[in-house]
Amino acid sequence: MRTSTGSVSVNEIIKAKTVIERYVSETPLTHYPGLSTMIGCRVFIKHENHLLGGSFKIRGGINKMFHLKKTDTLGVITFSTGNHGISVGMAANLFDIPATVVVPNNNNPGKNQLIKETGARLIESGNNFDEAAITGKKIQENEQLEFIHAANDSHLINGVGTEFLEILHQLKEVDAIILPIGGGSELAAAVTVFNELSPKTKIYAVQAKASSAAYQSWREGKIVKSSNETFAGGFATGEAYELPFSIYSNKLSGFITLTEEELLQGIALSFKYTHNLAEGAGAATIMAAFKLKEELKGKNVVLQMSGANEMLSVLKESLKFSEL
């Protein structure tokens, strides 16, 4: 299995921006007075949920396919619970590269449909993200496809990093930013950009308690595996990954974990205050900010809304939790 061995840097992120802006527009960074009052700081939400495919991941997918198009690849394959697969399928289609996406059985049907609509081959296998990966690796070896890891890839991370160049252009003073973490590509990209261009900005991560491998790895200072049981696909990984972990592991100001009920509450609050239907990971930053309200008081705080691809049953369940 091959993963990218290139460098992650602000210079490479700037290069990626010149590629990505040909295909996607800058996403809004919106101030929400109601959320600001509730949390006690000036809240700005970066709406990556408005991008093609409904999540931030299309940025990394486009940058990866741009580089792969220069090679003699026979096609690409990845494993995913949804958003990464959607981005790979969509970006591969833009560059006329055949794509295969392996997802777990009983995956979010809405995300499965979006993957199919990109023109990618969809294969369902295993009971979770990690079991789907086993099938994906076998197909990759048998068909000699280029494996696209969800996080261990410098081109993906550099592509995702363009989001943070936009934020620094949109808001002069960013005191803190909160990001959800599954595989860690976005968190690694944020650390890369802010450490160099806005080192005073505090960076916080949030993850589901039911799938907390990244949190446990951060706490232990080494990569560990953990149970992976959350409903929130954006958090559904059972381990941290080497490349992003090496970038963010000692660069965070804090790390919040949320219960499944708190994730549902975040979805409801997103709809109530922003009128956006966010997925579990996408709305988690709101609940994380509430838990950090004393630390964030009076500051300019950016919350990343990473994606919008949630099951209708989850959205309905979340409406029971519209009040804190």
Side-chain angles (χ1 to χ4, degrees), residues 1-5 53 55 57 60-61 64-65 68 73-92 97-109 111-112 114-116 118 120-157 160 180-188 207-208 210-217 222-246 280-281 306-307 309:
M1 180 177 64
R2 291 179 288 172
T3 57
S4 172
T5 57
S55 85
K57 288 181 177 286
K64 180 64 178 180
M65 298 307 158
L68 273 182
T73 182
L74 299 175
V76 298
I77 186 168
T78 193
F79 52 87
S80 174
T81 52
N83 286 341
H84 173 64
I86 293 166
S87 74
V88 167
M90 189 169 286
I97 298 173
T100 299
V101 180
V102 184
V103 301
N105 294 316
N106 302 313
N107 193 50
N108 181 326
K111 290 185 178 181
N112 286 356
L114 287 171
I115 291 170
K116 291 178 182 177
T118 70
R121 174 177 56 161
L122 179 73
I123 296 174
E124 298 178 72
S125 179
N127 294 317
N128 55 43
F129 180 87
D130 304 293
E131 291 181 9
I134 296 172
T135 297
K137 291 171 186 175
K138 290 179 181 177
I139 296 172
Q140 181 258 332
E141 293 170 358
N142 291 338
E143 300 184 15
Q144 296 183 315
L145 302 176
E146 181 78 21
F147 180 77
I148 311 297
H149 195 280
N152 278 335
D153 193 297
S154 62
H155 293 316
L156 288 184
I157 296 173
V160 170
I181 176 171
S185 62
E186 190 177 34
L187 192 58
Q207 192 170 50
S211 296
S212 60
Y215 167 73
Q216 292 183 47
S217 298
K222 62 181 181 180
I223 291 176
V224 300
K225 294 185 178 182
S226 180
S227 59
N228 179 17
E229 300 174 354
T230 184
F231 75 83
F235 290 140
T237 55
E239 62 183 310
Y241 296 116
E242 292 85 354
L243 179 58
F245 183 75
S246 70
S306 59
N309 300 313

So, taking the atom named OG in S246 and the one named CD1 in I223, what distance separates them when rounded to the nearest 0.5 Å? 8.0 Å
Nearest 0.5 Å, please: how far is OH in Y241 from CG in D153? 13.5 Å
When rounded to the nearest 0.5 angstrom, what is the spacing between NZ in K111 and OG in S55? 8.0 Å
Shortest non-hydrogen contact between G85 and S80, atoms and distance: N-OG, 2.9 Å
Nearest heavy-atom approach of A132 to P104 is CB-N, 3.9 Å
Sort out for me which residue in S211, S217, S212 forms a side chain to side chain contact (heavy atoms under 4.5 Å, CB included) with Y215. S212
For A240 versus F245, what's the shortest heavy-atom pair and its separation? CB-CD1, 4.4 Å
Is the closest side-chain heavy-atom distance between M90 and L114 below 4.5 Å? no
side-chain contact (heavy atoms from CB on, under 4.5 Å) for I148 and H84? Distances and angles first, verdict last. CA-CA 9 Å; I148 311 297; H84 173 64; 4.0 Å; yes
One pair to check against side-chain contact (heavy atoms from CB on, under 4.5 Å): T118 and V101. What are the steps and the verdict? CA-CA 11 Å; T118 70; V101 180; over 6 Å; no
Donor-acceptor contacts, no H, no angles, side chain residues 229-238, under 3.5 Å, sequence neighbours left out:
unit_1, atom_1, unit_2, atom_2, d
T230, OG1, A232, N, 3.1
T230, OG1, E260, OE1, 3.1
T230, OG1, E260, OE2, 2.9
T237, OG1, G182, O, 3.3

Please report the closest heavy-atom contact between N112 and V103, naming both atoms and the distance. OD1-CG2, 3.6 Å
Nearest 0.5 Å, what's the CG-NZ distance between L68 and K64? 5.0 Å
For E131 and N127, the nearest pair of non-hydrogen atoms, with its separation, is OE1-N, 2.7 Å
What's the separation between atom CG in N152 and atom CD in E242, rounded to the nearest 0.5 Å? 5.0 Å
Do I139 and R121 make a side-chain contact, defined as non-hydrogen atoms from C-beta onward lying under 4.5 Å apart? yes
Can you tell if the side chain of E186 reaches within under 4.5 Å of the side chain of P244, non-hydrogen atoms only? no
Quick check: do I97 and E146 have side-chain heavy atoms less than 4.5 Å from each other? no
Q216 and S226: side chain donor to acceptor below 3.5 Å: yes
Please report the interatomic distance CD1(I86) to CG(N309), rounded to the nearest 0.5 Å. 4.5 Å
Which atom names give the shortest non-hydrogen contact between K116 and L122, and what distance separates them? CE-CD2, 3.5 Å
Below 4.5 Å, heavy atoms only, C-beta onward: do I77 and V102 meet side chain to side chain? yes
Are any of the side-chain heavy atoms of E143 and L74 separated by less than 4.5 Å? no
Does atom CG of N106 have more than 12 heavy-atom neighbours, drawn from other residues, nucleotides or ligands, at distances under 6.0 Å? no
